[in-house]
Amino acid sequence: MKRPYVICHMMASIDGRIDCAMTEQVGGNEYYEALEMLCIDTTIEGKTTAVNHYAEKELFVPKDDTPVGREEFYKSHDAKRWEAVVDTRGTLRWPEDDTPDRICIVSQQASREYLDYLRQRGISYIVTGEETIDLIRALTILQCEFGSERIGVVGGGHINGSFLREGLLDEVSMLYGAAIDGREGFCAAFDGIEANHTRPYMLRLKSVRQMGDDSVWIRYSIK
C-alpha cells in the first residue's frame, strides 16, 4: 500500500506520561526543534488534544444529525503544511483565529450540517469510514489530494495507539524530558491497546541525541 511516511513524535517524562500541563514545565523548545528537524508536512492530533488547545469548548450540535453516509473530501486551498484533527462524529467548533490550514478528519457518521459548517468556515475535511475513521483511507487521501508525504502523529495516547495498532507507524520519535510524572491514571504516549494483546510492538533504534540541557531525543523504526 502506497501511503505517506508516518512518524509518531511525542514529548514525555521519563516514565512515559504525556500530560501537556506537565510536559510544558519540562525543558525548553526542544520538542518543536525536533519536530522541525523531522521535516513533517502534516500533523495529526486527537480530539482531546484539539479541545484542550485549539477548538472551542462548546461542541457543534446539528439540528439534523442524519449521517452523511459516504466518503468524500473538501480541500479549501493549497498549503505546504497541514494540521489535521480526527473527530469521528464531527463535533468540534473552531475559533476565527484558528490556522487556515486545518483539516478535520471525520467518519461517515458526521452530519451534512457539520460539513456545511466547515465549508462555510473555509476548513478542509476528509470523510472516511462508516462507523469509525478509516485511518488507512485517510492517509491515502491526505497523500493523493493534499500532498502529504511525511505525517507526524502528535498525540494523545489513544490516537497514537490507533496508528500503532493499525500498523501505520514507520517511526517513533520520543523526546524525554528530565522529569518524572508518577501520577496514577495519566495517559501514556501509547494507550488504548486491547488488554489481551500481550506481545509488545518491537522497535529498532535509529538514533539518540541530547536536546537542550537535559532532554534526550530517541528515534526508533518499527520492526
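The shown structure was predicted, so the numbers you read here are calculated from the model rather than taken from an experiment.
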Please assess L164 against C8 for the test side-chain contact (heavy atoms from CB on, under 4.5 Å), listing each intermediate value before the final yes or no. CA-CA 9 Å; L164 179 65; C8 180; over 6 Å; no
Any chance you could lay out the side-chain contact (heavy atoms from CB on, under 4.5 Å) test for Y201 and V172, step after step, and finish with the verdict? CA-CA 11 Å; Y201 294 87; V172 176; over 6 Å; no
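Using a 4.5 Å cut-off on side-chain heavy atoms (C-beta onward), V106 and L115 make contact. With contacts defined as side-chain heavy-atom distances shorter than 4.5 Å, the pair T132/S107 does not qualify.
Partners of D97 according to the salt bridge (charged side-chain N to carboxylate O under 4.0 Å, His left out) rule, which considers only residues two or more places apart in sequence or in another chain, do not exist here. Remark: F60 pairs with Y114, Y117 by the ring-ring contact (aromatic ring centres under 6.0 Å, His included) rule, at least two apart or across chains. With sequence neighbours excluded, the residues forming a side chain to side chain donor-acceptor pair (under 3.5 Å) with S76 are S124, listed by chain and number. By the ring-ring contact (aromatic ring centres under 6.0 Å, His included) test, W82 pairs with H77, F146, sequence neighbours left out.
P4 pairs with exactly one of D170, L139, L168 by the side-chain contact (heavy atoms from CB on, under 4.5 Å) rule, that one being L139. Across I40, T42, I103, V6, a single residue satisfies side-chain contact (heavy atoms from CB on, under 4.5 Å) together with S148, and that is T42.
For the pair Q210 (side chain) and D213 (backbone), a donor-acceptor distance under 3.5 Å is present. Of the possible donor and acceptor atoms, none in the side chain of E83 sits under 3.5 Å from a partner among the backbone N and O of I44. When atom types are taken as modelled, the side chain of R89 and the backbone of P67 share no donor-acceptor pair closer than 3.5 angstrom.
Clustering of Ile, Leu, Val, Met, Phe, Trp and Tyr by side-chain heavy atoms under 4.5 Å joins F186 with none of the others.
Closest approach of V26 to A179, counting heavy atoms only: CG2-CB, 3.6 Å. For the residue pair G46 and I159, the shortest heavy atom distance occurs at N-CG2, 3.9 Å.
Residue pairs that meet the salt bridge (charged side-chain N to carboxylate O under 4.0 Å, His left out) test with at least one member in residues 7-31, sequence neighbours left out, are D19-R183. Sorted by first and then second residue, the ring-ring contact (aromatic ring centres under 6.0 Å, His included) pairs involving residues 40-59 (not counting sequence neighbours) form an empty list. A salt bridge (charged side-chain N to carboxylate O under 4.0 Å, His left out) check over residues 214-223, counting only residues at least two apart or in different chains, returns the pairs E171-R219. Residue pairs meeting the ring-ring contact (aromatic ring centres under 6.0 Å, His included) criterion with at least one member in residues 22-43, sequence neighbours excluded: H9-Y31. For residues 191-200, no residue pair satisfies the side-chain hydrogen bond (donor to acceptor under 3.5 Å, both in side chains) rule, not counting sequence neighbours. The list of side-chain hydrogen bond (donor to acceptor under 3.5 Å, both in side chains) pairs with a residue in residues 63-74, not counting sequence neighbours, reads D64-T66, R70-E72, E71-T128, E71-R137, E72-R112, E72-Y125.
Atom CG of L59 is surrounded by more than 12 heavy atoms from other residues, nucleotides or ligands within 6.0 Å. Sparse packing is recorded around NZ of K80, with 12 or fewer heavy atoms of other residues, nucleotides or ligands lying under 6.0 Å away.
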Check residues 149-158 and write down every donor-acceptor pair under 3.5 Å in which the side-chain atom is one partner and the other belongs to a residue at least two apart or another chain.
residue : atom : partner : partner atom : Å
E149    : OE1  : Q143    : NE2          : 3.0
R150    : NE   : L38     : O            : 3.0
R150    : NH2  : L38     : O            : 2.9

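Put simply, CG on N160 and CZ on F190 are 5.0 Å apart, with the number rounded to the nearest 0.5 Å. Note that CG of D134 and CD of Q108 are 9.0 Å apart. Values are rounded to the nearest 0.5 Å.
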